[in-house]
Amino acid sequence: MSKFDYNKIMPRYSAIAVLMTLIALAVVAKAGYIMTAKRDYWMKVANRVKKDSVEVIPTRGNILSCDGQLLASSLPEFKIYMDFKQLFDAKSDSLWEVSLDSICLGLHDIFPERSVEVFKSNLRQGHKERSRHWAIWPNRIDYNTYSEVRQLPVFRLSKLKSGFHTVEFNSRERPYGTLAGRTVGDMFAAKDGGRTPRCGLELSYDSLLRGTTGLKSRQKVLNKYLDIMRTPPIDGADILTTIDVGMQDLAERAVIDELKEINGNVGVAIVMEVQTGDVKAIVNMEKCVDGEYREIKNHAVSDLLEPGSVFKSVSILTALEDGMCDTNKVVDTGNGQWPMYGRVMKDWNWRRGGYGVMRLPKTLKVSSNIGISRIIDEYYHSDPVKFVQGVYRSGIAADLHVPIVGATKARIRMPKKNARGEWVNWSNTALPWMSIGYESQIPPISTLAFYNAIANNGRMMQPRFVKAAIKNGKIIEEYPPQVVEGHEQIASTRTIKLMQEMLTKVVSEGLGKKAGSESFLVAGKTGTAQIAQGGAGYKGNGIDYLLSFAGFFPADAPRYSCIVCIQKSGLPASGGGMSGVVFHNIAEGIMAQSIRMDVKDARDSASNVIPDVKTGNILSADYVLTHLGIRTNTNFNHGASPNRPVWGIASSKHDHVALVKKNITSNRYIPDVLGMGARDAVYLIEKRGVKCHLQGRGKVVEQSLPVGHYVKKDEICTLKLE
């Protein structure tokens, strides 16, 4: 007989089947409800835990100086946040309450701008709101600061336990601060939290520096975010510039010092390597409202101003190259004033009677407006087009393809006639005034390229700012020196040699003496031009001047060319006396790095080769100097003990009799500090309560308060050093 009881078991199976069917129908119904009525809600939930095509920002390439030093580099920055919901879920609330005081005290130590109470109030507010992204500090912080915050209680735990998390950014840092600021360029913050190049090489070479953005997907799995890289980012390449940090710093200090001295408005300096056209330094200082000088605009490549007398070299070169005259050409400049087509041309010394009759080289040497303009007008008055064509041939109006946004080429007017043969954009006075640097607008870098071509025996080089692009230590793109198109030779070898000789005499014998050096030859040309005041022309109130000096050094074997331009208001104004001084300081500083001199020349004839021993044990000092091979002649005053101050030590080398220096040890009397360095002298005198004023550099040669003077309250001792 079967043990299966159909009547009892089948109802049970039927009940189970019905129940499972109902559950299945409920699941299907719920799924349908979620897929329809609740679709939008769950899509939002999915978006919180999953993200497709998240951009991965690559590391921006570095900008390097010519010797590989960092001018601009990308470093990580962080914004720090708390996820209080995560803290609560991890059941770390009790730990948070216990550690809150320590956390706020630590944050105050790291960020002293905000008090402990403010930190505590802020964090408690976030905790109360259970915020998932509560800012601990509103600003970005660097990695070192982030590391300090990471060591605080709770924050040092994992993100899942503490809720502490960060958002990382790429920050652009410049180790040398504002050095060559407008040329290197900078970045400004974009809306997405990134950085966008604003100017300079950062902008011009952005396609190389920024790299290629990657893509990744983010998905939350088991309460953790997983990043799945779809397209890895490609970091940007480094660019190797031509900027020399030492030369740049030297040029900036020289320009700023002179601007402060003469109260100038704008100062520009460019240093270029003659054979390659490499820009080794470029300075653009402008006076700000607070009286400080900063780089606001790249005046060196964008300013279009009438250059003044530095243009006279172009005029002379054109006349010589066209064969219109030679260096024996004689011109009469009268008494410094000469009528020209209804206007009066004046030389700078017209009040002193002018220069009279002179030869062509002297017109350049003394920068005679009348001499240059009369020569050019004599030969080109009937055909000014030929003169302007010669100017274009010199390369000063060429497009230099400067890789800096805002750069522009010179604007030099070409004479034109209408159908009736009449000049439509020309006048009788245009040619004479153009020949001396007016009627044209030329940026400083174009003027420098012309003078660099003269130094380079007529070969005009394109200014080079970047040598190469480097990736992972390998050169991926190289930018070799290039000749300006169509200007392989701006003039014949004979004309170039004549120009080199005349420009050398401008410095050695003419108005450019302050730009010269006793150690090497300098060639160049001064320039002083009035800046037109808009509709008021050159007669407005408060006339501005453009003071220039352009040249190269050493003149007999040129290595570097340089131009210095200064804009200032009012008189005195002198291109040679102001810009020439800056040129001198830059040239001296650059050449000092490479000139090799005999070690004997480094000795200061005024210095004492044997150190003064001021205080201490005289017997010990005598012992040491004797064992160093120096004979000494020690003197004791009135049987003083060996532990009293040492009054004098003399060298037998000079066969001198030792001088006894009476040092008064009491703090109530002024000591003898003659012959001491500034540091020792100031220490000894101010130790007695007397304030010191220093004049000059070197060793003390004169002190205003005599030795043994009884010290009185609030006295001042002036020390003269040489």
Side-chain angles (χ1 to χ4, degrees), residues 182-183 185 199-201 203-208 239 241-243 268 270-280 282 284 297-308 310-311 313-315 317-318 321 384-416 425 434 437-467 477-491 496 546 548 550 552 561-563 565:
R182 293 299 296 187
T183 302
C199 62
L201 299 178
L203 180 57
S204 301
Y205 290 86
D206 182 53
S207 59
L208 278 172
I239 59 172
T241 71
T242 60
I243 300 295
V268 169
I270 315 172
V271 179
M272 187 183 290
E273 197 170 64
V274 168
Q275 293 187 351
T276 63
D278 287 359
V279 176
K280 311 303 288 184
I282 178 168
N284 299 277
K297 175 186 175 184
N298 208 318
H299 298 273
V301 301
S302 61
D303 274 8
L304 287 172
L305 296 172
E306 293 169 314
V310 291
F311 188 83
S313 301
V314 180
S315 300
L317 179 137
T318 300
E321 185 64 12
V385 173
K386 185 175 183 178
F387 173 76
V388 178
Q389 287 174 341
V391 171
Y392 274 74
R393 188 176 60 240
S394 73
I396 199 168
D399 187 351
L400 301 177
H401 301 288
V402 175
I404 294 177
V405 175
T408 185
K409 65 177 184 179
R411 297 175 183 174
I412 300 175
R413 182 161 34 118
M414 178 65 75
K416 295 179 181 179
N425 65 340
M434 178 182 283
Y438 292 93
E439 301 279 342
S440 302
Q441 295 177 314
I442 303 173
I445 198 164
S446 293
T447 302
L448 177 61
F450 166 75
Y451 278 87
N452 191 81
I454 294 177
N456 200 26
N457 296 320
R459 194 176 191 219
M460 178 170 277
M461 303 303 298
Q462 185 174 311
R464 184 169 68 151
F465 288 81
V466 175
K467 293 181 178 180
E477 193 167 352
E478 197 165 4
Y479 305 94
Q482 291 187 358
V483 179
V484 177
E485 185 178 357
H487 295 86
E488 178 71 34
Q489 192 70 30
I490 66 170
I496 293 296
L546 177 64
S548 307
F552 47 89
S561 59
C562 178
I563 186 170
C565 300

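This one's a predicted model, so the numbers in the text were calculated from it and none came from an experiment.
- Contact detail for His487 and Ala398: the closest heavy-atom pair is CE1-CB, 3.8 Å.
- Nearest heavy atom pair, residue Val271 against residue Cys562, reads CG2-SG, 4.0 Å.
- Remark: Glu273 CD to Asn456 CG distance equals 10.5 Å, nearest 0.5 Å.
- Residues Glu321 and Arg393 are not paired through a salt bridge, judged by the lack of any N-O separation under 4.0 Å between the basic side chain and the carboxylate.
- A donor-acceptor pair under 3.5 Å is formed between the side chain of Tyr451 and the backbone N or O of Val310.
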Check the pair Leu305 / Ile442 against side chain to side chain contact (heavy atoms under 4.5 Å, CB included), numbers first and verdict last.
-> CA-CA 6 Å; Leu305 296 172; Ile442 303 173; over 6 Å; no
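- In plain terms, the two heavy atoms of Gly437 and Pro307 that are nearest each other are O-CD, 3.2 Å.
- Residue Arg411 qualifies as open at atom CZ: its count of foreign heavy atoms under 6.0 Å is 12 or below.
- When the shell of 6.0 Å around NZ of Lys416 is examined, it contains 12 or fewer heavy atoms from other residues, nucleotides or ligands.
- Remark: Glu478 does not engage Lys467 in a salt bridge, criterion side-chain N to carboxylate O under 4.0 Å.
- To the nearest 0.5 Å, atom CG of residue Leu448 and atom SG of residue Cys565 are 9.0 Å apart.
- Atom-to-atom distance recorded for Asn457:CG and Ile496:CD1 is 7.5 Å, nearest 0.5 angstrom.
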Decide yes or no on side chain to side chain contact (heavy atoms under 4.5 Å, CB included) for Arg182 and Ile282, but give the supporting numbers first.
-> CA-CA 9 Å; Arg182 293 299 296 187; Ile282 178 168; over 6 Å; no
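- Heavy atoms only, all atoms of each residue included: His299 and Pro444 are closest at O-CD, 3.7 Å.
- Annotation: side chain of Lys280 is not in contact with side chain of Ile243 (no heavy-atom distance under 4.5 Å).
- Around CD of Glu477, the count of heavy atoms belonging to other residues, nucleotides or ligands within 6.0 Å exceeds 12.
- A donor-acceptor pair under 3.5 Å is formed between the side chain of Asn425 and the backbone N or O of Met414.
- Once rounded to the nearest 0.5 Å, the distance linking CG of Asn452 with CD1 of Ile270 reads 11.0 Å.
- Here the side chains of Ile563 and Ser561 are not in contact, with every heavy-atom distance at 4.5 Å or above.
- Side chain to side chain, Asp278 and Thr242 fail the donor-acceptor criterion of an N or O pair below 3.5 Å.
- Phe465 places none of its side-chain heavy atoms less than 4.5 Å from the side chain of Ser204.
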Pair Ile412-Met434, side chain to side chain contact (heavy atoms under 4.5 Å, CB included): steps then yes or no = CA-CA 9 Å; Ile412 300 175; Met434 178 182 283; 4.3 Å; yes
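- Across all their heavy atoms, Glu306 and Tyr438 have their closest contact at OE1-CD2, 3.5 Å.
- Between Thr241 atom OG1 and Arg464 atom CZ the span is 10.5 Å, to the nearest 0.5 Å.
- Considering only heavy atoms from C-beta on, Leu304 comes within 4.5 Å of Pro443 through its side chain.
- Within 6.0 Å of CD on Gln489 lie more than 12 heavy atoms contributed by other residues, nucleotides or ligands.
- For the atom pair CD (Gln482) and OG1 (Thr276), the distance works out to 12.0 Å, reported to the nearest 0.5 Å.
- In this structure the side chain of Met461 never reaches within 4.5 angstrom of the side chain of Val484, judged on heavy atoms.
- Residues Phe387 and Pro415 form no side-chain contact, since every pair of their non-hydrogen atoms from C-beta on lies 4.5 Å or further apart.
- Annotation for Gln462 and Leu400: closest pair CG-O, 3.0 Å, computed over non-hydrogen atoms.
- Looking at Ser440 and Arg413, their side chains never come closer than 4.5 Å, going by heavy atoms from C-beta outward.
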Could you check Val314 against Leu317 for side chain to side chain contact (heavy atoms under 4.5 Å, CB included), going step by step and ending with a plain yes or no?
-> CA-CA 5 Å; Val314 180; Leu317 179 137; 5.8 Å; no
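- In this structure the side chain of Met272 reaches within 4.5 angstrom of the side chain of Pro463, judged on heavy atoms.
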